[in-house]
Amino acid sequence: MNYLEGLNEAQRRAVLALDGPISVLAGAGSGKTRVLTTRIYHLIREGVHANQILAVTFTNKAAREMRNRIRMMLGDDRTVPFIATFHGLGRELLESYGKTIGIPRFFSVFDRDDSEKVITTALKALDIGTKELSSRTVLSRISRAKNEGMRAQEFYEKHARSGFNARIVAEAWLRYEKTLTDEKALDFDDLIALPLRLLEEHADVRGLAQNRWKYLHIDEYQDTNTLQGRLANLLAARHRNLFVVGDIDQTIYTWRGATIENLLEFDKTYPESQTIVLEHNYRSTKNLVSAANAIIEKNKNRKKKYSTTENAAGEPIVIHLAQSAEDEARWIALKIREMMRDGIAPEEIAILFRTNFQSRALEEGLLKTGVPYKLLGTHFFARKEVKDTLAWMRLAMDPSREMDKIRAAASPPRGIGRVTLGKLVAGQRASLRAGELARVEQFESVVNELSQAALSLVPSEFAKLVIEKSGMRHALFDEGSTEDRERFENIEELASVAARHDVSPGKEGIAAFLAEAALASDQDEIDHPSRDSGQEAEKSGVTLMTVHAAKGLEFGTIFVSGLEEGVFPHQGMGSENDRDEEEERRLFYVAVTRAKKRLFLTLARVRKIYGSDFVAGPSSFLADIDRSLVLFDETEGSDIHID
C-alpha cells in the first residue's frame, strides 16, 4: 500500500483505525491534513462507497484543498465524498430534508450586511434610533441566542418584560424572522440551528441522515461550538464512526462561541473511543519546537502532548526591544530588507500582531523602507471605522463638506437617511417632519460643538473628543460585540497618530494630521504591490496579519510584534479567569508555531495607545522560553529584564 509510505507510526494508526469513535490530537505541523485525506482514501480502497463518507472543516478553502487531494489520490473520475464547511453541511441537510420543517427547497442565505439592513429597518419601525441601540449590537445578541438554541418567540416570551435593550432585541428579532420568511431566506446561524432542530425533532429524517453518512470526519474539532458538536454527535449516533482531528492547544476562537470541551471531553462522550496523538512536528526547527512546548505546557486545561522533531536545531529565537512602536516597525523592516538581500523571498516572511491597530505603524515602517507587503484584511486607513472617524474630523473642520456629512450622519447611524440629507442640501429644511428635524438638529449640534473644539484642542485630544461625541465609543465599545471592540481599538489608534501633531494646537495641527492620513492612504494605493493588477502582484510581498488570521498557515520567517504585557497578552484578557489567560497563551503558541526556520519576537518600551504613552514590561510569555534558545538583539535588547 504505497499511500501509507512515509507515514509515521501514529499517523498510520490513525489512517488504519476504521471503525468507532476516534480522536486525533494533532500538534502543530504534524501532518493532520495528510492523515485525514489518506484515511478517507483508505476507506474507499477498503470498499466504503464515497457517498457514505462525510468530511467537515471550517473554511471553504480547506474543503477545496481536501477535495482536490482526495481527487488526485483516487486518480480517476470516481465520486469524491461530500466535503464541506459546517454551514455547507447545514445547507445540504436543509435542501435535502428541510421541507419537513417548512424550509423551501431553494432558499437564499443572508450575509451579515443583508441581516444588518433588515435589523436597521426593524429598529426604525420600532422608532428606535441606532444611537440608542445599533443594528450590529442587536444582530450579535440574536446570533448569540440562536447559537444557544433559542427561537425568536421563545426569546420574546422570556424578555418581553425585561429591560429596554432586551425587549427591543426581542421585538426586532420577530420582525427579522418575518422578513427572512417572506424572502425565503435564512442567515448563517440558521444553517446550524435549523438542521440540528430538524434532526432532533424528526426521527425519520435523523435516520435518513445517519444512514446516508456512515463515516463522519471533522477537522479543527477544537473550533466547534456547542450546536456544531451536537450536530456531529447526532449524525454519528447510529454507526458511531466519528473521526475528529484537532489541537486543544490551538483553541483560540472561544470568543466566537467555540468550546474546548467538545474535544477535551470526547472520551467521556464516547467511552469506547481511541485517542491517537500526533506529536511529530515536520514544520519547525528543534529550537522552535522546544520553545513552543515550554510555552504551552504552562496551560492546565489541555491534554498532555509533547511535540518532537528530527529537524535541525536551527537559528536561535531573536528578541528585540525597541524604544517605540515606530522604532519597532523600522527595525523589522530593515531586518526584512537585509533578509531579502540575502535571497530570502518576501513571500516567505510574515509579521503577526495581536490586535489590528498595530498594523498602522508596521505598514508605515515597511512603506518607508521600501519593503513590499500585503495586509491580510483591510489597510488601516481604509478600514470603515477609521474612514468614518476621519469623516467626522473633516466635517468638524468644515461643516459644509457634503460627502463627509452623509458619512458622519450614518456613523454611527442616528436615523438620518440620504433622503433627509438630500432635502437639507436642496434647501428644503422646512419640508422635514418633526422627528427628522429633531435628529438633524441634534447631529448639527454635535458638529458645531466639535467645530468649536477644533479651534483650540491639540489633534490627539480632538480625536478623542470626536470618538466620544460622535457616538463611536458608545456604539463600538459600550454596546459593541468583541469584533466591535477591536474596531474601537483601531479608531483609538487614530488618536496615537494624531499625537504626532500635538505641537500645533487647533486647526493647524488637525489639518496636518488629516493630510498625513490622506497621504498615507494614497501611498498605499500607489506603492502597495497587492493593489497592482495581475496575479503576481497579488502574491508579492511580506504578509501582515493578526495571529488569529495566521492559524493554519506557515512561513519560513515569522516576526511577532508588540510583546508587551497588556498588548500580548492583551489587556483585559485573563484578568479575571484562568480560561482567558490560557486562551492568550494558546494564541502565542499559535504565533510561534507558524515559523519553520526563524522567529523574531519584538517589543517596545513605549507604545502610544489612544494618544497616550503606554509603558509596560515585557510580555510574561517571554519568560517561558529557555534562555539557551534565545539571542537578545545586541542593539538594545541586551538590557531586557525578563523574570
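What you see is a predicted model, and the numbers here were worked out from it, not measured in a lab.
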Within the side chain of [X], is there an N or O that forms a donor-acceptor pair under 3.5 Å with the backbone of [Y]?
X    : Y    : value
Q11  : L278 : no
Y215 : I40  : no
T309 : N281 : yes
T251 : I248 : yes
R283 : T593 : yes
E116 : R136 : no
N241 : G20  : yes
E584 : D580 : no

Check the side chains of [Y] and [X] for a donor-acceptor pair under 3.5 angstrom, ignoring hydrogens and angles.
X    : Y    : value
S23  : T275 : yes
D189 : S143 : yes
E220 : Q222 : yes
N211 : H239 : yes
N287 : T285 : no

Worked verdict on D624 versus Y589 for side chain to side chain donor-acceptor pair (under 3.5 Å): CA-CA 11 Å; D624 299 336; Y589 171 80; over 6 Å; no

Side chain to side chain contact (heavy atoms under 4.5 Å, CB included) between T543 and I351, worked out: CA-CA 6 Å; T543 302; I351 306 172; over 6 Å; no

Side chain to side chain contact (heavy atoms under 4.5 Å, CB included) between L235 and L199, worked out: CA-CA 8 Å; L235 287 172; L199 297 185; 3.8 Å; yes

Side chain to side chain contact (heavy atoms under 4.5 Å, CB included) between N311 and S284, intermediate numbers included: CA-CA 7 Å; N311 293 336; S284 306; 5.5 Å; no

Ignoring hydrogens, what is the shortest heavy-atom contact between [X] and [Y]? Give both atom names and the distance.
X    : Y    : answer
I625 : A291 : CG2-CB, 4.1 Å
D247 : A26  : CB-O, 3.1 Å
V371 : V542 : CG1-CG2, 3.9 Å
L94  : L191 : CD1-CD2, 4.2 Å
I252 : H548 : O-NE2, 3.2 Å
I70  : P81  : CG2-CD, 4.3 Å

Evaluate the side-chain proximity of [Y] to [X]: yes if any heavy-atom separation is below 4.5 Å, no if none is.
X    : Y    : result
R91  : P195 : no
F588 : I295 : yes
P104 : K184 : yes
I336 : I332 : yes
Y282 : E310 : no
V245 : V35  : no
T355 : T546 : no
P316 : L629 : no

Is [X] salt-bridged to [Y], cutoff N-O under 4.0 Å?
X    : Y    : answer
K597 : E315 : no
D267 : K303 : yes
R206 : E200 : no
E297 : K304 : no
E65  : R69  : no
K298 : E582 : no
E177 : K146 : yes
R594 : E554 : no
E279 : K305 : no

Approximate separation, where rounding is to 0.5 Å, of [X] [atom1] and [Y] [atom2]:
X    : Y    : atom1 : atom2 : value
I349 : M339 : CD1   : CE    : 5.5 Å
D249 : I260 : CG    : CD1   : 8.0 Å
I192 : N225 : CD1   : CG    : 7.0 Å
R39  : L7   : CZ    : CG    : 13.5 Å
H202 : Y97  : NE2   : OH    : 14.0 Å
D190 : R197 : CG    : CZ    : 8.0 Å

Y176 and T181: CA distance, side-chain angles, deciding distance, side chain to side chain contact (heavy atoms under 4.5 Å, CB included) verdict: CA-CA 9 Å; Y176 175 57; T181 301; over 6 Å; no

Parallel, tilted or perpendicular, as decided by the 30° and 60° cut-offs, for the rings of F600 and F559: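 Ring orientation, 0 to 90° scale: parallel.
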
Side chain to side chain donor-acceptor pair (under 3.5 Å) between Y373 and E363, worked out: CA-CA 8 Å; Y373 74 93; E363 284 189 80; 2.8 Å; yes

For R71, all residues meeting salt bridge (Lys or Arg N to Asp or Glu O under 4.0 Å), sequence neighbours excluded: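 R71 satisfies salt bridge (Lys or Arg N to Asp or Glu O under 4.0 Å) with no residue once adjacent residues are dropped.
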
Intermediate values then yes/no, salt bridge (Lys or Arg N to Asp or Glu O under 4.0 Å), D19 and R240: CA-CA 8 Å; D19 297 314; R240 300 184 78 77; over 6 Å; no

Matching residue for H217 among F243, Y41, F82 - test: ring-ring contact (aromatic ring centres under 6.0 Å, His included):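 So, applying the ring-ring contact (aromatic ring centres under 6.0 Å, His included) to H217 and each of F243, Y41, F82, only F243 qualifies.
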
Side chain to side chain donor-acceptor pair (under 3.5 Å) evaluation trace for N233 with Y270: CA-CA 10 Å; N233 291 334; Y270 297 95; 2.7 Å; yes

Side chain to side chain donor-acceptor pair (under 3.5 Å) between T179 and E183, intermediate numbers included: CA-CA 6 Å; T179 300; E183 295 291 327; over 6 Å; no

Greater than 12 external heavy atoms within 6.0 Å of E272's CD: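 Check passes, neighbour count above 12.
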
Ring centroid separation H570 to F568 under 6.0 Å: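 No.
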
